[in-house]
2 protein chains.
Amino acid sequence: MLKQEELHAVCNMFKEEKLSKGAYFLKQNQPANKLSFIQSGLIRIFTHEDGKEITQWISSPGYFVTEISSFMFGGSSRWNMQALTEVELFSISISEYQKIVKVVPKWHELEKLFIVKCFVILENRIYNHLSKSAEQRYQEFFNQNPSLFNQVPLQYIASMLGMTPETFSRIRKKQLS
Amino acid sequence: MLKQEELHAVCNMFKEEKLSKGAYFLKQNQPANKLSFIQSGLIRIFTHEDGKEITQWISSPGYFVTEISSFMFGGSSRWNMQALTEVELFSISISEYQKIVKVVPKWHELEKLFIVKCFVILENRIYNHLSKSAEQRYQEFFNQNPSLFNQVPLQYIASMLGMTPETFSRIRKKQLS
DNA sequence: GGCGGCTCTTGATATAAATCAAGAAATCAG
DNA sequence: CTGATTTCTTGATTTATATCAAGAGCCGCC
(Lines give C-alpha, C1' and ligand atoms only; values in the text may rest on other atoms or scores of the structure.)
Protein backbone atom coordinates (compact mmCIF):
# COMPACT_ATOMS: atom_id res chain seq x y z
CA MET A 1 0.00 0.00 0.00
CA LEU A 2 2.99 2.27 0.50
CA LYS A 3 5.74 2.77 -2.01
CA GLN A 4 9.11 1.48 -0.96
CA GLU A 5 10.55 4.98 -0.68
CA GLU A 6 7.62 6.25 1.35
CA LEU A 7 7.94 3.39 3.78
CA HIS A 8 11.61 4.14 4.20
CA ALA A 9 11.00 7.81 4.74
CA VAL A 10 8.32 7.22 7.35
CA CYS A 11 10.37 4.65 9.18
CA ASN A 12 13.23 7.07 9.43
CA MET A 13 11.01 9.59 11.14
CA PHE A 14 10.50 7.18 14.02
CA LYS A 15 13.38 7.02 16.46
CA GLU A 16 14.37 3.93 18.35
CA GLU A 17 13.91 4.13 22.08
CA LYS A 18 14.03 1.74 25.01
CA LEU A 19 12.10 1.51 28.23
CA SER A 20 13.35 -0.56 31.07
CA LYS A 21 10.94 -2.73 33.00
CA GLY A 22 8.77 -0.63 35.27
CA ALA A 23 9.48 2.64 33.48
CA TYR A 24 6.52 4.80 32.54
CA PHE A 25 5.78 5.40 28.89
CA LEU A 26 3.26 8.00 29.97
CA LYS A 27 1.75 9.11 33.24
CA GLN A 28 -1.87 9.90 33.94
CA ASN A 29 -2.76 13.60 33.68
CA GLN A 30 0.25 14.39 31.57
CA PRO A 31 0.04 15.20 27.87
CA ALA A 32 0.84 12.44 25.37
CA ASN A 33 3.45 14.01 23.16
CA LYS A 34 4.50 10.99 21.17
CA LEU A 35 3.22 8.05 19.23
CA SER A 36 5.15 4.80 19.40
CA PHE A 37 5.28 1.49 17.66
CA ILE A 38 6.04 -1.43 19.94
CA GLN A 39 8.87 -3.48 18.52
CA SER A 40 9.14 -5.78 21.50
CA GLY A 41 7.89 -5.93 25.05
CA LEU A 42 4.61 -5.14 26.77
CA ILE A 43 3.07 -1.94 28.09
CA ARG A 44 0.24 -1.91 30.59
CA ILE A 45 -2.39 0.81 30.41
CA PHE A 46 -4.12 1.45 33.71
CA THR A 47 -5.64 3.89 36.13
CA HIS A 48 -5.26 4.31 39.82
CA GLU A 49 -8.53 5.63 41.16
CA ASP A 50 -9.87 5.83 44.70
CA GLY A 51 -7.72 2.98 45.93
CA LYS A 52 -8.38 0.47 43.21
CA GLU A 53 -6.35 -0.03 40.10
CA ILE A 54 -7.95 -0.83 36.76
CA THR A 55 -5.94 -2.31 33.91
CA GLN A 56 -7.55 -1.09 30.72
CA TRP A 57 -5.35 -2.92 28.24
CA ILE A 58 -1.95 -4.47 27.67
CA SER A 59 -0.26 -3.30 24.49
CA SER A 60 1.87 -5.75 22.63
CA PRO A 61 4.41 -5.82 19.78
CA GLY A 62 3.19 -4.85 16.35
CA TYR A 63 0.78 -2.23 17.66
CA PHE A 64 1.02 1.48 18.21
CA VAL A 65 0.71 2.98 21.64
CA THR A 66 -0.27 6.46 22.76
CA GLU A 67 -3.08 8.12 24.64
CA ILE A 68 -4.95 8.91 21.48
CA SER A 69 -7.28 11.54 22.88
CA SER A 70 -4.43 13.57 24.30
CA PHE A 71 -2.21 13.01 21.26
CA MET A 72 -4.82 14.06 18.71
CA PHE A 73 -6.71 16.74 20.58
CA GLY A 74 -4.42 17.88 23.35
CA GLY A 75 -5.43 17.72 26.97
CA SER A 76 -3.93 15.20 29.31
CA SER A 77 -3.80 11.44 29.43
CA ARG A 78 -6.59 9.51 31.07
CA TRP A 79 -4.23 6.63 31.84
CA ASN A 80 -0.86 5.52 33.00
CA MET A 81 1.22 3.47 30.63
CA GLN A 82 4.01 1.44 32.13
CA ALA A 83 6.48 -1.06 30.74
CA LEU A 84 5.80 -4.56 32.05
CA THR A 85 9.05 -5.80 30.51
CA GLU A 86 11.98 -4.32 28.67
CA VAL A 87 10.39 -2.51 25.76
CA GLU A 88 11.79 -1.50 22.38
CA LEU A 89 9.89 1.31 20.72
CA PHE A 90 9.98 3.39 17.59
CA SER A 91 8.70 6.79 18.58
CA ILE A 92 7.73 10.01 16.89
CA SER A 93 6.99 13.35 18.48
CA ILE A 94 3.80 15.27 17.71
CA SER A 95 5.66 17.85 15.68
CA GLU A 96 7.39 15.23 13.54
CA TYR A 97 4.16 13.28 13.28
CA GLN A 98 2.48 16.24 11.67
CA LYS A 99 5.05 16.13 8.90
CA ILE A 100 4.34 12.52 7.98
CA VAL A 101 1.49 13.47 5.70
CA LYS A 102 3.89 15.51 3.57
CA VAL A 103 5.98 12.43 2.98
CA VAL A 104 3.08 10.00 2.65
CA PRO A 105 0.00 11.69 1.21
CA LYS A 106 -2.10 8.65 1.99
CA TRP A 107 -1.21 8.78 5.66
CA HIS A 108 -4.53 10.06 6.97
CA GLU A 109 -6.40 7.44 5.03
CA LEU A 110 -4.19 4.60 6.20
CA GLU A 111 -4.33 5.79 9.73
CA LYS A 112 -8.09 6.12 9.54
CA LEU A 113 -8.41 2.52 8.44
CA PHE A 114 -6.07 1.42 11.17
CA ILE A 115 -8.12 3.24 13.80
CA VAL A 116 -11.29 1.70 12.42
CA LYS A 117 -9.78 -1.74 12.98
CA CYS A 118 -9.12 -0.79 16.59
CA PHE A 119 -12.59 0.66 16.88
CA VAL A 120 -14.09 -2.66 15.82
CA ILE A 121 -12.06 -4.46 18.46
CA LEU A 122 -13.44 -2.13 21.12
CA GLU A 123 -16.98 -2.61 19.88
CA ASN A 124 -16.54 -6.34 20.27
CA ARG A 125 -15.07 -5.89 23.69
CA ILE A 126 -18.12 -3.93 24.77
CA TYR A 127 -20.38 -6.54 23.27
CA ASN A 128 -18.63 -9.15 25.37
CA HIS A 129 -19.37 -7.17 28.51
CA LEU A 130 -23.01 -6.80 27.56
CA SER A 131 -23.59 -10.41 26.71
CA LYS A 132 -21.01 -12.76 28.18
CA SER A 133 -20.08 -14.16 31.59
CA ALA A 134 -16.66 -13.80 33.18
CA GLU A 135 -15.90 -17.36 32.15
CA GLN A 136 -16.81 -16.75 28.52
CA ARG A 137 -14.73 -13.58 28.42
CA TYR A 138 -11.80 -15.49 29.88
CA GLN A 139 -12.14 -18.26 27.36
CA GLU A 140 -12.41 -15.98 24.37
CA PHE A 141 -9.48 -13.84 25.40
CA PHE A 142 -7.38 -16.88 26.16
CA ASN A 143 -8.09 -18.33 22.73
CA GLN A 144 -7.04 -15.10 21.08
CA ASN A 145 -4.00 -14.32 23.23
CA PRO A 146 -2.74 -17.52 24.82
CA SER A 147 0.83 -16.28 24.95
CA LEU A 148 0.02 -13.31 27.16
CA PHE A 149 -0.93 -15.66 29.99
CA ASN A 150 2.62 -16.60 30.73
CA GLN A 151 4.14 -13.20 30.21
CA VAL A 152 2.38 -10.90 32.64
CA PRO A 153 0.93 -11.04 36.15
CA LEU A 154 -2.46 -12.66 35.76
CA GLN A 155 -4.15 -10.10 37.98
CA TYR A 156 -3.68 -7.55 35.20
CA ILE A 157 -5.42 -9.77 32.69
CA ALA A 158 -8.19 -10.35 35.24
CA SER A 159 -8.68 -6.63 35.58
CA MET A 160 -8.79 -5.91 31.86
CA LEU A 161 -11.38 -8.67 31.48
CA GLY A 162 -13.46 -7.08 34.21
CA MET A 163 -13.11 -9.61 37.03
CA THR A 164 -11.18 -10.01 40.28
CA PRO A 165 -7.97 -12.04 40.52
CA GLU A 166 -9.84 -14.59 42.63
CA THR A 167 -12.53 -15.14 40.04
CA PHE A 168 -9.86 -15.33 37.36
CA SER A 169 -7.95 -17.92 39.35
CA ARG A 170 -11.00 -20.11 39.85
CA ILE A 171 -11.92 -19.99 36.17
CA ARG A 172 -8.35 -20.78 35.25
CA LYS A 173 -8.32 -23.81 37.52
CA LYS A 174 -11.47 -25.10 35.91
CA GLN A 175 -10.07 -24.59 32.41
CA LEU A 176 -6.79 -26.36 33.17
CA SER A 177 -8.51 -29.56 34.25
CA MET B 1 -12.77 23.64 8.80
CA LEU B 2 -14.40 23.16 5.42
CA LYS B 3 -14.75 25.86 2.84
CA GLN B 4 -18.30 26.92 2.12
CA GLU B 5 -18.23 25.41 -1.36
CA GLU B 6 -16.81 22.12 -0.14
CA LEU B 7 -19.48 21.83 2.48
CA HIS B 8 -22.15 22.43 -0.13
CA ALA B 9 -20.67 19.89 -2.49
CA VAL B 10 -20.46 17.21 0.17
CA CYS B 11 -23.94 17.85 1.43
CA ASN B 12 -25.30 17.44 -2.04
CA MET B 13 -23.75 14.00 -2.29
CA PHE B 14 -25.93 12.81 0.58
CA LYS B 15 -29.49 12.04 -0.36
CA GLU B 16 -32.44 12.53 1.93
CA GLU B 17 -34.18 9.36 2.98
CA LYS B 18 -36.83 8.35 5.49
CA LEU B 19 -37.37 5.29 7.56
CA SER B 20 -40.68 4.59 9.15
CA LYS B 21 -40.80 3.35 12.70
CA GLY B 22 -39.80 -0.28 12.91
CA ALA B 23 -38.08 -0.33 9.52
CA TYR B 24 -34.60 -1.77 9.32
CA PHE B 25 -31.73 0.49 8.38
CA LEU B 26 -29.57 -2.62 8.08
CA LYS B 27 -29.97 -6.27 8.91
CA GLN B 28 -27.45 -8.51 10.56
CA ASN B 29 -25.30 -10.55 8.15
CA GLN B 30 -26.00 -8.22 5.27
CA PRO B 31 -23.42 -5.85 3.84
CA ALA B 32 -23.53 -2.21 4.88
CA ASN B 33 -23.61 -0.35 1.63
CA LYS B 34 -24.31 3.13 2.87
CA LEU B 35 -23.32 5.70 5.42
CA SER B 36 -26.00 7.94 6.87
CA PHE B 37 -26.28 11.04 8.93
CA ILE B 38 -29.21 11.06 11.31
CA GLN B 39 -31.19 14.24 10.92
CA SER B 40 -33.94 13.21 13.29
CA GLY B 41 -35.14 10.08 15.01
CA LEU B 42 -33.46 7.15 16.71
CA ILE B 43 -31.93 3.93 15.46
CA ARG B 44 -31.29 0.96 17.68
CA ILE B 45 -28.30 -1.27 17.05
CA PHE B 46 -28.71 -4.78 18.37
CA THR B 47 -28.12 -8.49 17.95
CA HIS B 48 -30.39 -11.41 18.31
CA GLU B 49 -28.31 -14.30 19.51
CA ASP B 50 -29.31 -17.66 21.03
CA GLY B 51 -32.63 -16.36 22.28
CA LYS B 52 -31.47 -13.19 23.95
CA GLU B 53 -31.33 -9.79 22.40
CA ILE B 54 -28.51 -7.35 23.12
CA THR B 55 -28.85 -3.65 22.39
CA GLN B 56 -25.39 -2.39 21.59
CA TRP B 57 -26.22 1.28 21.10
CA ILE B 58 -28.93 3.75 20.21
CA SER B 59 -27.90 6.22 17.53
CA SER B 60 -29.26 9.71 17.75
CA PRO B 61 -29.50 12.86 15.63
CA GLY B 62 -26.26 14.59 14.73
CA TYR B 63 -24.33 11.34 14.42
CA PHE B 64 -23.48 9.08 11.54
CA VAL B 65 -24.70 5.55 11.40
CA THR B 66 -23.39 2.52 9.53
CA GLU B 67 -21.82 -0.81 10.35
CA ILE B 68 -18.34 0.55 10.03
CA SER B 69 -16.49 -2.73 9.68
CA SER B 70 -18.67 -3.85 6.81
CA PHE B 71 -18.72 -0.41 5.21
CA MET B 72 -14.97 0.09 5.28
CA PHE B 73 -13.69 -3.42 4.76
CA GLY B 74 -16.56 -5.34 3.22
CA GLY B 75 -18.00 -8.44 4.82
CA SER B 76 -21.35 -8.42 6.49
CA SER B 77 -22.86 -6.53 9.37
CA ARG B 78 -22.47 -7.81 12.87
CA TRP B 79 -25.70 -6.06 13.95
CA ASN B 80 -29.23 -5.17 13.15
CA MET B 81 -30.10 -1.51 12.95
CA GLN B 82 -33.74 -0.63 13.28
CA ALA B 83 -35.65 2.64 13.45
CA LEU B 84 -37.17 3.20 16.88
CA THR B 85 -39.11 6.20 15.59
CA GLU B 86 -39.66 7.91 12.28
CA VAL B 87 -36.15 8.67 11.05
CA GLU B 88 -34.85 11.27 8.63
CA LEU B 89 -31.49 10.43 7.15
CA PHE B 90 -28.99 11.82 4.70
CA SER B 91 -27.39 8.83 3.06
CA ILE B 92 -24.56 8.14 0.70
CA SER B 93 -23.71 4.90 -1.07
CA ILE B 94 -20.24 3.37 -0.90
CA SER B 95 -19.49 4.28 -4.48
CA GLU B 96 -20.47 7.91 -3.98
CA TYR B 97 -18.67 7.95 -0.65
CA GLN B 98 -15.43 7.08 -2.37
CA LYS B 99 -15.76 10.20 -4.44
CA ILE B 100 -15.99 12.53 -1.47
CA VAL B 101 -12.25 12.77 -1.11
CA LYS B 102 -12.04 14.24 -4.60
CA VAL B 103 -14.33 17.04 -3.56
CA VAL B 104 -12.90 17.51 -0.10
CA PRO B 105 -9.20 16.64 0.03
CA LYS B 106 -9.22 16.85 3.80
CA TRP B 107 -11.95 14.25 4.08
CA HIS B 108 -9.82 11.37 5.32
CA GLU B 109 -8.29 13.56 7.97
CA LEU B 110 -11.60 14.92 9.18
CA GLU B 111 -13.11 11.50 9.21
CA LYS B 112 -10.12 10.13 11.09
CA LEU B 113 -10.57 12.73 13.80
CA PHE B 114 -14.25 12.01 13.97
CA ILE B 115 -13.61 8.30 14.39
CA VAL B 116 -11.05 9.01 17.09
CA LYS B 117 -13.73 10.90 19.02
CA CYS B 118 -15.96 7.86 18.80
CA PHE B 119 -13.06 5.63 19.76
CA VAL B 120 -12.56 7.62 22.93
CA ILE B 121 -16.23 7.23 23.80
CA LEU B 122 -15.91 3.47 23.43
CA GLU B 123 -12.78 3.40 25.58
CA ASN B 124 -14.69 5.18 28.30
CA ARG B 125 -17.58 2.82 27.96
CA ILE B 126 -15.26 -0.13 28.47
CA TYR B 127 -13.68 1.58 31.43
CA ASN B 128 -17.13 1.92 32.96
CA HIS B 129 -17.68 -1.81 32.63
CA LEU B 130 -14.35 -2.56 34.22
CA SER B 131 -14.75 -0.26 37.16
CA LYS B 132 -18.33 0.73 37.84
CA SER B 133 -21.49 -0.84 39.24
CA ALA B 134 -24.78 -1.01 37.35
CA GLU B 135 -26.01 1.89 39.42
CA GLN B 136 -23.02 4.06 38.58
CA ARG B 137 -23.33 3.24 34.90
CA TYR B 138 -27.01 4.17 35.02
CA GLN B 139 -26.29 7.43 36.75
CA GLU B 140 -23.52 8.48 34.39
CA PHE B 141 -25.49 7.63 31.29
CA PHE B 142 -28.55 9.38 32.62
CA ASN B 143 -26.57 12.53 33.29
CA GLN B 144 -25.21 12.52 29.76
CA ASN B 145 -28.41 11.55 27.95
CA PRO B 146 -31.40 12.43 30.08
CA SER B 147 -33.63 12.99 27.08
CA LEU B 148 -33.26 9.44 25.80
CA PHE B 149 -35.05 8.12 28.88
CA ASN B 150 -38.43 9.33 27.74
CA GLN B 151 -38.01 8.51 24.08
CA VAL B 152 -37.28 4.80 23.91
CA PRO B 153 -38.32 1.63 25.74
CA LEU B 154 -36.19 1.55 28.86
CA GLN B 155 -35.35 -2.10 28.39
CA TYR B 156 -33.15 -1.11 25.47
CA ILE B 157 -31.21 1.35 27.58
CA ALA B 158 -30.90 -1.31 30.26
CA SER B 159 -29.39 -3.69 27.73
CA MET B 160 -26.89 -1.22 26.34
CA LEU B 161 -25.77 -0.45 29.88
CA GLY B 162 -25.29 -4.14 30.54
CA MET B 163 -28.10 -4.88 32.98
CA THR B 164 -31.54 -6.48 32.97
CA PRO B 165 -34.75 -4.45 32.75
CA GLU B 166 -35.55 -5.44 36.34
CA THR B 167 -32.28 -4.13 37.68
CA PHE B 168 -32.72 -0.99 35.62
CA SER B 169 -36.20 -0.48 37.00
CA ARG B 170 -35.06 -0.84 40.60
CA ILE B 171 -32.20 1.59 40.13
CA ARG B 172 -34.56 4.02 38.46
CA LYS B 173 -36.98 3.83 41.35
CA LYS B 174 -34.19 4.60 43.76
CA GLN B 175 -33.00 7.57 41.71
CA LEU B 176 -36.45 9.08 41.36
CA SER B 177 -36.96 9.26 45.09
C1' DG C 1 20.90 -20.12 50.02
C1' DG C 2 17.58 -17.95 52.71
C1' DC C 3 14.64 -13.84 53.45
C1' DG C 4 10.96 -10.59 52.09
C1' DG C 5 7.84 -9.27 49.00
C1' DC C 6 4.91 -10.05 45.22
C1' DT C 7 1.53 -13.17 43.10
C1' DC C 8 -1.59 -16.78 43.00
C1' DT C 9 -4.79 -19.98 45.14
C1' DT C 10 -8.32 -21.58 48.11
C1' DG C 11 -12.16 -21.41 51.29
C1' DA C 12 -15.87 -18.93 53.68
C1' DT C 13 -19.04 -15.43 53.35
C1' DA C 14 -21.40 -11.37 51.49
C1' DT C 15 -23.49 -8.84 47.82
C1' DA C 16 -24.94 -7.27 43.36
C1' DA C 17 -27.40 -8.54 39.85
C1' DA C 18 -29.99 -12.23 37.25
C1' DT C 19 -33.86 -15.00 36.92
C1' DC C 20 -38.54 -16.30 37.57
C1' DA C 21 -43.22 -15.04 38.11
C1' DA C 22 -47.09 -12.17 38.27
C1' DG C 23 -49.48 -8.14 38.08
C1' DA C 24 -49.84 -2.99 36.85
C1' DA C 25 -49.28 0.61 33.69
C1' DA C 26 -48.80 2.44 29.34
C1' DT C 27 -49.37 2.30 24.43
C1' DC C 28 -51.44 0.99 20.24
C1' DA C 29 -54.91 -0.65 16.89
C1' DG C 30 -59.33 -0.99 15.46
C1' DC D 1 -63.38 3.92 23.79
C1' DT D 2 -61.88 -0.71 24.48
C1' DG D 3 -59.35 -4.70 24.22
C1' DA D 4 -54.77 -6.40 23.16
C1' DT D 5 -49.94 -5.89 23.24
C1' DT D 6 -46.03 -4.28 24.96
C1' DT D 7 -43.47 -2.36 28.62
C1' DC D 8 -42.50 -1.60 33.32
C1' DT D 9 -42.58 -2.77 38.20
C1' DT D 10 -42.34 -5.49 42.25
C1' DG D 11 -41.33 -9.43 45.16
C1' DA D 12 -39.11 -13.97 45.94
C1' DT D 13 -35.36 -16.65 44.92
C1' DT D 14 -31.06 -18.05 42.79
C1' DT D 15 -26.63 -17.36 40.93
C1' DA D 16 -22.39 -15.25 39.62
C1' DT D 17 -19.05 -12.67 41.24
C1' DA D 18 -16.88 -9.78 44.86
C1' DT D 19 -14.91 -9.47 49.20
C1' DC D 20 -12.34 -10.98 53.09
C1' DA D 21 -8.83 -13.76 55.01
C1' DA D 22 -5.13 -16.82 55.12
C1' DG D 23 -1.79 -19.66 53.31
C1' DA D 24 1.30 -21.37 49.38
C1' DG D 25 4.30 -20.69 45.65
C1' DC D 26 7.60 -18.10 43.29
C1' DC D 27 11.30 -14.79 42.48
C1' DG D 28 14.70 -11.38 42.98
C1' DC D 29 18.09 -9.76 46.07
C1' DC D 30 21.52 -9.39 49.65
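In what follows, chains carry the letters A, B, and so on, assigned in the order in which the sequence lines appear, proteins first and then strands, with residues in each chain numbered from 1.
- Ring geometry for B/Tyr63 versus B/Phe114: interplanar angle of 30 to 60°, hence tilted.
- Here the P atom of nucleotide D/dA18 and the CD1 atom of A/Ile54 are 11 Å apart, to the nearest Å.
- Scanning residues 144-151 of chain B for heavy-atom distances under 4.0 Å to DNA chain D yields an empty list.
- A close approach under 4.0 Å does not occur between any side-chain nitrogen or oxygen of B/Lys173 and OP1 or OP2 of D/dT9.
- Below the 3.5 angstrom threshold, one finds no donor paired with an acceptor across the side chain of A/Gln155 and the base of C/dC8.
- The nearest whole Å value for the distance from the NE2 atom in B/His129 to the C1' atom in C/dA16 is 15 Å.
- At least one side-chain nitrogen or oxygen of A/Thr167 sits closer than 4.0 Å to the OP1 or OP2 atom of D/dA18.
- The side chain of B/Leu154 lies closest to D/dC8 when the candidates are C/dA17, D/dC8, D/dA18.
- In terms of position on DNA chain D, the residue among B/Pro165 and A/Lys132 whose nearest nucleotide sits closer to the 5' end is B/Pro165.
- Annotation for A/Met72 and A/Ile115: closest pair CE-CD1, 4.4 Å, computed over non-hydrogen atoms.
- For B/Gln4, the CD atom counts as loosely surrounded, since its 6.0 Å shell holds 12 or fewer non-hydrogen atoms of other residues, nucleotides or ligands.
- Salt bridge annotation for B/Glu96-B/Lys15: absent, with no cationic side-chain nitrogen under 4.0 angstrom from a carboxylate oxygen.
- The nearest whole Å value for the distance from the CD atom in A/Gln175 to the P atom in C/dC8 is 17 Å.
- Distance, B/Ile171 CD1 to C/dA17 C1': 9 Å, rounded to whole Å.
- B/Arg137 places a side-chain N or O within 3.5 Å of a backbone atom of B/Leu161 that can act as its donor or acceptor partner.
- If you measure from atom NZ of A/Lys174 to atom C1' of C/dT9, you get 16 Å, rounded to the nearest angstrom.
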Between the protein and nucleotides 27-30 of chain C, are there any N/O to N/O pairs under 3.5 Å, and if so, what are the atom names and distances?
| unit_1 | atom_1 | unit_2 | atom_2 | d |
| --- | --- | --- | --- | --- |
| C/dC28 | OP1 | B/Lys21 | NZ | 3.3 |

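- The side chain of B/Pro153 approaches D/dT7 more closely than any other nucleotide in the set D/dT17, D/dT7, C/dA18.
- On a pure distance criterion of 3.5 Å, a polar donor-acceptor pair joins the side chain of B/Arg170 and the base of C/dT19.
- If you measure from atom CZ of B/Arg172 to atom P of D/dC8, you get 8 Å, rounded to the nearest angstrom.
- Counting only heavy atoms from C-beta on, A/Thr164 has its side chain closest to D/dT19 among C/dA18, C/dA17, D/dT19.
- Remark: P of C/dC8 and CG of A/Leu176 are 13 Å apart, rounded to the nearest angstrom.
- With sequence neighbours excluded, the residues satisfying side-chain contact (heavy atoms from CB on, under 4.5 Å) with B/Gln136 are B/Lys132, B/Ser133.
- At whole-Å resolution of the value, CD in A/Glu135 and P in D/dA18 are 13 Å apart.
- Using modelled atom types, one finds a donor on one side chain and an acceptor on the other under 3.5 Å when comparing A/Gln139 with A/Gln175.
- Between B/Lys18 and B/Glu86 no salt bridge is recorded (no basic side-chain N to carboxylate O distance below 4.0 Å).
- Here C/dC20 is the nucleotide among C/dT10, D/dT7, C/dC20 with the atom lying nearest to any side-chain atom of B/Glu166.
- For the pair A/Gln28 (side chain) and A/Asn80 (backbone), a donor-acceptor distance under 3.5 Å is absent.
- In this structure, the side chain of B/Ser77 engages the main chain of B/Trp79 through a donor-acceptor pair within 3.5 Å.
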